[in-house]
S.K.: 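Handing you a structure now.
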Amino acid sequence: MKSVFKKIIKPAAILFIICFVVTVLLALTAEFTDRVIEEKAKRELNETRKSVLSGAVSFEAVDGYENAVYGVDESNNPAGYVFTITVDGYRGEMQAIVGIGDDGKVDGVNILSHSETPGLGSKATEKDFLIQFEGLFEKAKAGQGVDMITGATISSEAVIRAVNMAIEEYISIAGGENE
Amino acid sequence: MNKHYSLKKEFTKGIIKENPVLCLLLGTCPTLAVTTGAINAVGMGAAATAVLICSNIVISSLRKFIPDTVRIPAYITIIAGFVTIVQLLIKAFLPSIDEALGIFLPLIVVNCIILGRAEMYASKNPVIPSAIDGLGMGVGFTAALLCMGLIRELFGAGKVFGLQVLPESIFTPIAVFLLPAGGFFVFGMLIAVASRIQGKLGKKDFECRGCPSAKGCAAIADKKNTGEGAKAE
């Protein structure tokens, strides 16, 4: 009986204890880091939203529109809306974030993620191209007021589509003044 | 077994005489894979060193507690636990390093250096020397990775730590250095250099003693039986 205990039960028990302790430590670390990562993601999203809607300091959700958030400035005055739009780019999905101010004009556009061709399509995701959308009141049209990127037509059109979708949603929320 | 420990010796052996990568030839996989840039090399070295020290400390403190029959699963559980904790912390606080190292961060679990040192040293020696051994081996690993990383990055891209040191106008980067073949070239050269330095310091013949599987090796048992005498423990 003693040798069964020594040869089988004791090693198994010890291995069990070791695995148990390691698992507890892992669970605790995972909880802690999950929280850290979540807070960081929230902070980053807030910063990006602020970067496309000038004056906004905080955001609230909008009923019925899961892509949109309503922004207010420090005195709690309306600052506008920020829309997160997903479109199909040339090589995959593109996520754009569009801020439309209280005056109905596009305040800023930024691209959150994309997989466009580096050096070509990716130019449509950069500041020089995106700055053209600022001040837009009506939907953009390729070639009219918006210069396309040479050799990156599809990527450029994708960005235009994203901005227009944001404008459409704004009209639907704020009620048809832009047409 | 009251061995007299020289902590300085336990630390420095990991750097030149028994460098895990260039002399013991352990951990070659991450060495070749992450040394395309100096920064990645340092990141990997630091992460592996952290795991190595922690696992050596824990395994050494439990060495009388862990029965021989389950020692390998026990060591692996402990090592995997530490690697995962290091990975979670890096993901949370240094996400760029996490992206740069990619799959090779979790692969530290099977980095032979860690299991090797656990078997060869931590399971037979007290806590403080084991910790120092881990530190020395880790620093040696990082140093070897850093050398490889600097050479490959400099010749393969003209950069050092991401900064363009040799502009394209004077030096056309030799792309093969960033490819696996180039990695092997540089690795071979470094082993040769290390061998030479070892020779000048008085070469040690590791033979079976340096192998992590020495304890349960059938070939060593044979040698003992046929009375050829083994250099193994």
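Just so we're clear, the structure is a prediction, and the values are computed from it rather than from any experiment.
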S.K.: What pair of heavy atoms forms the shortest contact from P11(A) to P67(B), and how long is it?
M.R.: CA-CG, 3.7 Å
S.K.: In terms of heavy-atom contacts, does NZ of K10(A) have more than 12 from other residues, nucleotides or ligands at under 6.0 Å?
M.R.: no
S.K.: Working to the nearest 0.5 Å, report the span between CD1 of I66(B) and CD1 of I17(A).
M.R.: 11.0 Å
S.K.: Would you indicate whether F155(B), at its atom CZ, is surrounded by more than 12 heavy atoms from other residues, nucleotides or ligands within a distance under 6.0 Å?
M.R.: no
S.K.: Using 0.5 Å steps for rounding, measure from the OG1 atom of T33(A) to the NZ atom of K91(B).
M.R.: 9.5 Å
S.K.: Please indicate whether F184(B) has more than 12 foreign heavy atoms, meaning atoms of other residues, nucleotides or ligands, lying under 6.0 Å from its CZ.
M.R.: no
S.K.: Can you tell me which of T77(B), V70(B), L88(B) forms the most heavy-atom pairs within a distance under 4.5 Å of chain A?
M.R.: L88(B)
S.K.: Name the option with the most non-hydrogen atom pairs under 4.5 Å to chain B; the candidates are V21(A), I18(A), L26(A).
M.R.: L26(A)
S.K.: Just wondering, are more than 12 heavy atoms of other shown residues or ligands nearer than 6.0 Å to OH in Y75(B)?
M.R.: yes
S.K.: Taking CD in Q164(B) as the centre, count heavy atoms belonging to other residues, nucleotides or ligands within less than 6.0 Å. Is the count above 12?
M.R.: yes
S.K.: Among V58(B), I85(B), L62(B), T84(B), which residue has the highest count of heavy-atom pairs closer than 4.5 Å to chain A?
M.R.: I85(B)
S.K.: Is the CG atom of D63(A) crowded by more than 12 outside heavy atoms at less than 6.0 Å?
M.R.: no
S.K.: Please report the shortest heavy-atom distance between F32(A) and L89(B), naming the atom on each side.
M.R.: CE2-CD2, 4.3 Å
S.K.: What part of F82(B) gets within 4.5 angstrom of chain A, counting heavy atoms only: side chain, backbone, both, or neither?
M.R.: neither
